[in-house]
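Below is one structure, written out as structure tokens; comments come after it.
Naming: A, B, ... by sequence-line order, numbering from 1 per chain. Bear in mind the structure is a predicted one, so any value in this text is a computation, not a measurement.
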2 protein chains.
Amino acid sequence: MESNMFLNLSALFDPRSVAVVGASDRPNSIGQRTVTNLVEHSDFVGELFLVNATKDEVMGRRAYRSVTELPCAPDLAVIVVPAAAAVGVIRECGQKGIKFAVVLTSGFSEAGDEGKRLEQEITDITRQTGIRVYGPNCPGLVNNNRGIGFTFSPAYKLDRKAGPIGLVTQGGGLGRTFLQASGRGMGIGLWCSSGNEADLTVSDYINHMVSMPEVKVIVTLLEGINDPERFVQAALNAARSGKPIVALKVGKSEYGIKAAQSHTAALSGSAEVNSTAFRQLGIIEVNDIDEMIDTAALLARAVPPTDLSVAIYSFSGGTVALAADMLGEAQLKLAEFTPNTLDELSRLLPSFAAIHNPVDTTAEVLVNKDISHASLLQVARDPNVNAVLYPIPMEYGDTTLAACTDMVRVQAEVDKPIIPVWMSDKTGSGYDALVQQELVPFRSLSRAIKAISRWNQYGRWRAGFDSSWKPALQASAETGESAQDYQTYTEREAKSILARAGVRVPTGGVAATLEEALHLSAGIDGPVVAKIVSQDILHKSDIGGVRTGLRTDAEITDAWHGILENVRKADPHARIDGILIEEMIAQRGVETLVGVHEDPLFGPVITFGLGGIFVEVFRDVSRRLLPLTPAQAREMIAETRCYTLLKGVRGQAAADIEALVQLLLAVSDFVIQGPLSVHELDLNPVIVGPEGAIAVDAVLIASKRNS
Amino acid sequence: MESNMFLNLSALFDPRSVAVVGASDRPNSIGQRTVTNLVEHSDFVGELFLVNATKDEVMGRRAYRSVTELPCAPDLAVIVVPAAAAVGVIRECGQKGIKFAVVLTSGFSEAGDEGKRLEQEITDITRQTGIRVYGPNCPGLVNNNRGIGFTFSPAYKLDRKAGPIGLVTQGGGLGRTFLQASGRGMGIGLWCSSGNEADLTVSDYINHMVSMPEVKVIVTLLEGINDPERFVQAALNAARSGKPIVALKVGKSEYGIKAAQSHTAALSGSAEVNSTAFRQLGIIEVNDIDEMIDTAALLARAVPPTDLSVAIYSFSGGTVALAADMLGEAQLKLAEFTPNTLDELSRLLPSFAAIHNPVDTTAEVLVNKDISHASLLQVARDPNVNAVLYPIPMEYGDTTLAACTDMVRVQAEVDKPIIPVWMSDKTGSGYDALVQQELVPFRSLSRAIKAISRWNQYGRWRAGFDSSWKPALQASAETGESAQDYQTYTEREAKSILARAGVRVPTGGVAATLEEALHLSAGIDGPVVAKIVSQDILHKSDIGGVRTGLRTDAEITDAWHGILENVRKADPHARIDGILIEEMIAQRGVETLVGVHEDPLFGPVITFGLGGIFVEVFRDVSRRLLPLTPAQAREMIAETRCYTLLKGVRGQAAADIEALVQLLLAVSDFVIQGPLSVHELDLNPVIVGPEGAIAVDAVLIASKRNS
């Protein structure tokens with residue numbers, strides 16, 4: 001299934017033969033620009049067919065009146081005719097046996113109901129004929145590593161730098177922003193813009209890039225995900241191949257979701273769950289295009305270490321102090337030099353230089369090239385150093401050119417990355433040298449530190465990646481439930497169900513009569529709690545519907561009558577289902593919460609964190625897609641700040657964290673494999689103390705699983 | 001005092017006559033470079049005297065052998081002779097009656113003990129002769145608004161753009177980075193680099209800039225503050241003049257502090273207290289040079305509104321969605337357009353454009369200049385809009401030039417800022433036009449949003465600024481205490497002292513005998529608590545040294561004997577001072593903490609936040625320099641997340657927040673005006689509930705105030 005989920009797209013990205021349907025002579029028309037890009041600005045050497053409904057010749061080449069007239073079926077048809085005509089053309093292409101169509105035309109689902117209908121027709125045609133469609137409503141496909149572009153963009157010819165980055169976007173504009181990272185020395189080898197995704201999606205392009213050796217880093221700009229299962233599979237394939245994916249998701253805030261929705265029709269899960277899924281899949285999430293470029297550039301330049309130690313090196317004391325500051329604030333580690341490095345640096349550098357990391361060579365070094373190169377090389381070769389951050393605070397003509405040339409020289413001599421930061425708003429020959437040599441200079445210290453942090457995070461994530469894990473994604477929609485089929489279980493029903501699933505809950509039961517209550521409490525060790533069970537009473541404690549610490553039959557009898565009287569006073573018409581008699585949890589511990597809800601994209605998501613009244617105040621929670629592995633359960637506990645409480649603060653005994661891990665795993669198993677299709681589960685509080693983890697309250701909304 | 005605290009520095013910044021001491025012909029010497037910058041690259045028209053100890057002519061001009069030989073006392077001496085000689089020269093200058101010396105020479109306190117001694121001599125000379133010294137160990141003084149530079153920097157001639165920014169740094173390198181913001185269209189009118197601050201400090205330069213009408217925004221880059229009182233006064237003067245200060249403090253993390261200390265000798269308070277002080281003084285704190293430039297540029301372009309509403313406008317759907325996202329995440333507000341704007345936009349723009357904010361004109365507008373200008377102007381003129389954010393996602397030659405030209409045109413027609421973001425790593429004629437017209441394009445969306453946030457924060461801060469407030473700053477050092485003079489008061493003593501100061505504490509006292517205990521409890525309403533008082537018992541509860549809820553004489557008697565027995569078991573040699581009998585606080589409420597400590601720079605600082613075991617976990621605290629105003633007390637409560645708890649969550653009654661305000665004000669008064677010089681005060685917990693705020697525990701370290 002996993003291997004068949006995706007198609008080989010080689011013929012789309014690098015076709016031997018292409019037809020342009022809608023090819024035109026008319027200056028500045030989409031058809032004319034598309035052909036010009038292919039004929040004049042591309043290195044395309046395959047066979048090219050031009051199709052024009054009314055002409056026999058276009059741009060001095062033979063033109064065919066229709067696809068059906070072509071002498072053979074080319075690998076790819078590039079379609080630029082208007083939307084209404086495009087659908088028929090795609091059908092003809094499919095019938096002709098053409099494998100792929102790139103549909104640049106707009107006027108489909110983004111343009112209203114008629115467009116939606118036309119787009120559905122395209123989807124139908126792909127199923128009927130087997131043709132696969134890229135687009136519609138997209139700026140095209142750019143394969144810089146092969147020197148070809150199927151696009152009408154007048155900017156195509158300007159941004160043709162080959163390189164190790166694969167870029168997958170939905171829209172066009174921001175993709176161009178990314179492509180222009182060539183201005184900083186980064187080459188984008190392949191750019192797919194998926195447009196409306198009538199057929200092929202970002203998942204297809206990402207997955208294919210995983211298999212392309214020339215692509216070292218995949219970058220994707222998403223407005224929404226239309227096929228979560230395939231997206232997850234593509235991401236897992238990337239993770240297993242050790243190929244990083246950097247992603248920017250538009251639509252995180254209320255404003256952004258609104259704006260993105262007006263721009264695309266893709267599904268948008270909650271931003272928090274998206275981030276959870278990305279993190280779990282090893283997708284590196286960023287927040288802006290510059291961060292995408294910075295992060296991708298560093299990942300493309302070097303494999304991130306698991307345990308990173310950075311050297312800072314520059315010729316300005318204030319600059320290295322500022323850089324060290326930011327490194328510290330980002331919780332990154334300054335490398336400790338070996339004695340040998342310190343000896344060499346003290347030999348090479350002036351006496352007033354700072355030779356301990358961060359290294360301030362002082363400006364003296366700028367006039368002595370040999371010392372500059374030798375000291376930088378010494379730092380870069382220190383075995384305790386994984387990366388060298390070299391901020392250049394200003395443009396100083398030949399002086400900064402020399403510093404940059406040293407960086408380029410040293411980079412040729414070591415494997416670890418020399419990371420330049422060009423801090424000035426003025427650029428010059430030094431900056432140009434870094435760009436030329438593809439060292440992709442960062443444009444500010446904070447941007448560099450952010451990228452290094454993400455690079456490091458990816459290195460650590462990869463070291464702990466469990467390649468056998470994959471998320472369940474089974475949303476209830478797939479098993480055919482609708483919201484109406486769900487039922488809300490009573491607290492005691494929920495607890496009994498969870499107890500059978502291995503979750504520890506207080507023992508007890510609902511008593512319909514006082515005799516039953518006394519009988520139940522006789523079977524419970526220690527004091528009990530009595531709680532009214534009524535769907536009409538929301539705040540049980542507030543109206544006197546709860547009594548705690550009951551030890552004797554007399555106390556239970558007194559509580560029974562007292563509770564019923566209080567309830568009757570509060571609401572004479574309240575329906576009463578009985579009184580819940582439960583073991584009173586004496587254990588002191590941390591009040592945590594464990595919850596599961598269904599995300600429309602990523603299926604069941606588990607949440608753990610500090611419970612009680614602090615939930616809303618601190619939102620101290622961590623999340624994971626299900627199923628949970630034991631390692632993930634431990635991680636998600638350790639990620640919260642209440643982990644400190646669980647470990648025991650101020651002399652309090654540590655909680656039994658392993659019991660909490662087991663509870664989380666039992667919940668995961670219950671949701672994934674249990675007898676119910678769970679819509680929502682809330683255990684709040686789960687008291688976690690030295691004697692274990694126990695779910696004191698439970699809300700369960702679920703339905704019987706169809707099987 | 002406040003008016004006399006600072007000197008008028010006009011003659012330093014714009015002298016009518018200058019002597020360069022150490023002027024030289026020797027190519028590339030400091031002396032030669034300094035004279036060349038003044039003679040060849042400056043517009044200096046005043047009288048210039050060159051002084052050289054061995055020559056009569058330098059660079060074709062007459063040279064004097066010493067300062068004493070000069071025919072008159074110039075306004076300013078620029079001194080570039082080596083450190084050992086410089087001290088004598090400064091003395092001569094002072095004796096001659098020269099008002100100011102700019103000492104570029106290094107080799108003073110940054111270079112070891114002998115340097116420190118020489119620097120002390122300089123300080124002494126300023127006191128003896130009245131000369132005021134700028135430096136030493138600094139790259140010089142650059143007054144671009146007058147076209148003059150007293151500096152040896154070979155880069156001086158390159159970065160001479162005049163403008164509305166006053167820049168004050170301690171080091172040199174990062175100052176140059178900032179100066180090169182001219183590459184983005186920002187002019188720095190005046191740059192002071194204070195170097196080692198043997199005499200004049202950043203505070204002097206900031207304060208003088210407050211009085212300069214040509215300086216609209218003051219920017220400062222600090223490694224440490226040597227004169228907190230004057231710094232605070234300069235900042236208050238700026239605040240009262242409505243002139244914003246943007247500050248970057250190096251030395252925030254452990255690494256940064258280490259690196260900054262190796263670079264300067266200035267005092268460094270804790271980063272958190274620094275930030276507190278900055279915020280309270282209206283100083284806008286930033287974390288990187290690019291942020292300094294971005295923030296200063298926006299502040300210089302327009303006065304920030306109190307209540308900001310932003311319009312987003314561009315020709316790419318993905319771009320405006322991303323911008324809206326970031327705006328939302330930064331909790332900034334998208335403006336709601338008036339019906340008139342919407343009508344006009346729907347008339348002007350294509351039917352598939354998004355006319356509601358954020359505006360996506362679509363790329364169609366790029367080919368029609370009139371529509372582009374008219375629609376941007378319409379948006380900018382909407383009365384609900386305070387600022388227009390216009391991100392340009394790519395360099396597109398003439399097309400993006402046209403967009404930028406429209407921005408420049410519209411900016412000439414409206415007062416509110418049109419804020420361009422040039423997102424691409426490629427620049428072109430459009431970018432150049434923005435730079436040329438000083439629209440200072442941001443280089444990424446996230447940077448723009450960050451700057452807009454700070455601009456907005458400053459607008460809001462200014463609206464609430466209480467111009468009569470100033471911090472006490474009275475550190476105990478000033479009143480002559482040393483750490484040894486402080487005493488730690490017992491819990492009960494501390495509570496009694498605080499009770500007299502108006503802080504509510506539990507009533508009670510220490511009983512030496514059971515009879516006293518019974519007598520004390522008889523005077524207390526409701527149940528009491530008994531606690532062992534012994535300096536040898538740290539964890540009272542753990543050993544059974546605390547009993548609560550004691551109501552009857554029998555219970556108290558039992559507790560008395562029980563506690564003493566437990567203590568004896570735990571530590572037979574423990575010294576026992578008695579048993580504390582106190583009112584038991586029955587009130588349910590939020591456990592908060594109130595603390596005061598002394599910062600070495602900014603004096604007494606009050607901390608408020610969530611107390612109990614959550615202190616270490618969430619660090620949910622806010623801080624203020626003392627004294628507190630009632631408004632500041634309310635603000636600092638509202639800033640914490642536990643404010644939500646105080647207001648009442650999940651149906652709990654709201655706490656008496658006004659009582660907490662009064663408690664904070666009482667603590668402030670006690671520290672500022674009370675009988676003790678407070679070194680440390682910790683009230684944890686302070687229980688804040690519906691019935692008031694009460695300090696349940698207290699630690700006080702203080703000494704009698706000298707007066």
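- Contact annotation for B:Leu610: only side-chain heavy atoms (C-beta onward) come within less than 4.5 Å of a heavy atom of chain A.
- No part of B:Ala111 comes within reach of chain A, as not one of its non-hydrogen atoms sits under 4.5 angstrom from that chain.
- Residues B:Asp290 and A:Ser446 form a side-chain contact, since some pair of their non-hydrogen atoms from C-beta on lies under 4.5 Å apart.
- Contact annotation: the side chain of A:Ile289 never approaches that of B:Leu445 to less than 4.5 Å [non-hydrogen atoms, C-beta and beyond].
- Looking only at side-chain heavy atoms (C-beta outward), A:Arg176 and B:Tyr396 come within less than 4.5 Å of each other.
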For B:Lys426 and A:Asp159: C-alpha separation, side-chain torsions, deciding distance, then whether salt bridge (charged side-chain N to carboxylate O under 4.0 Å, His left out) applies.
CA-CA 10 Å; B:Lys426 290 190 169 180; A:Asp159 301 316; 2.5 Å; yes
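- Proximity to chain B (any heavy atom under 4.5 Å) is shown, for A:Leu221, by neither the backbone nor the side chain.
- Options A:Met186, A:Lys333, A:Glu291 differ in how many heavy-atom pairs under 4.5 Å they form with chain B, and the most are formed by A:Lys333.
- Only the side chain of A:Ser153 comes within contact range of chain B, with heavy atoms under 4.5 Å apart.
- Using a 4.5 Å heavy-atom cutoff, the side chains of A:Asp425 and B:Gln180 are not in contact.
- When heavy atoms are compared at a cutoff of 4.5 Å, B:Ile392 does not approach chain A at all.
- The OG atom of A:Ser444 sits 6.0 Å away from atom CZ of B:Arg447, with the distance rounded to the nearest 0.5 Å.
- Note on B:Leu327, B:Asp620, B:Ile312, B:Thr644: by heavy-atom pairs under 4.5 Å with chain A, the leading option is B:Asp620.
- In this structure the side chain of A:Asp288 never reaches within 4.5 angstrom of the side chain of B:Ile449, judged on heavy atoms.
- Residues B:Leu174 and A:Met423 are in side-chain contact: their nearest non-hydrogen atoms beyond the backbone lie under 4.5 Å apart.
- Here the closest heavy-atom approach between residue A:Ala321 and residue B:Val250 is recorded as CB-CG1, 3.5 Å.
- A side-chain donor-acceptor contact under 3.5 Å links B:Thr177 to the backbone of A:Pro393.
- Of all the heavy atoms in A:Ser316 and B:Gly173, the pair that sits closest is OG-CA, 3.9 Å.
- Note on ring orientation: taking the six-membered ring where Trp is involved, the planes of A:Phe614 and B:Phe614 are tilted (angle from 30° to 60°).
- Between B:Val617 and A:Tyr643, every side-chain heavy-atom pair lies at or beyond the 4.5 Å cut-off.
- For the atom pair CD of A:Glu329 and CG of B:Asn287, the computed distance is 6.5 Å after rounding to the nearest 0.5 Å.
- Of the two parts of A:Phe618, the backbone and the side chain both hold a non-hydrogen atom closer than 4.5 Å to a non-hydrogen atom of chain B.
- Ranked by heavy-atom pairs under 4.5 Å with chain A, the first of B:Ser351, B:Gly328, B:Ala323 is B:Gly328.
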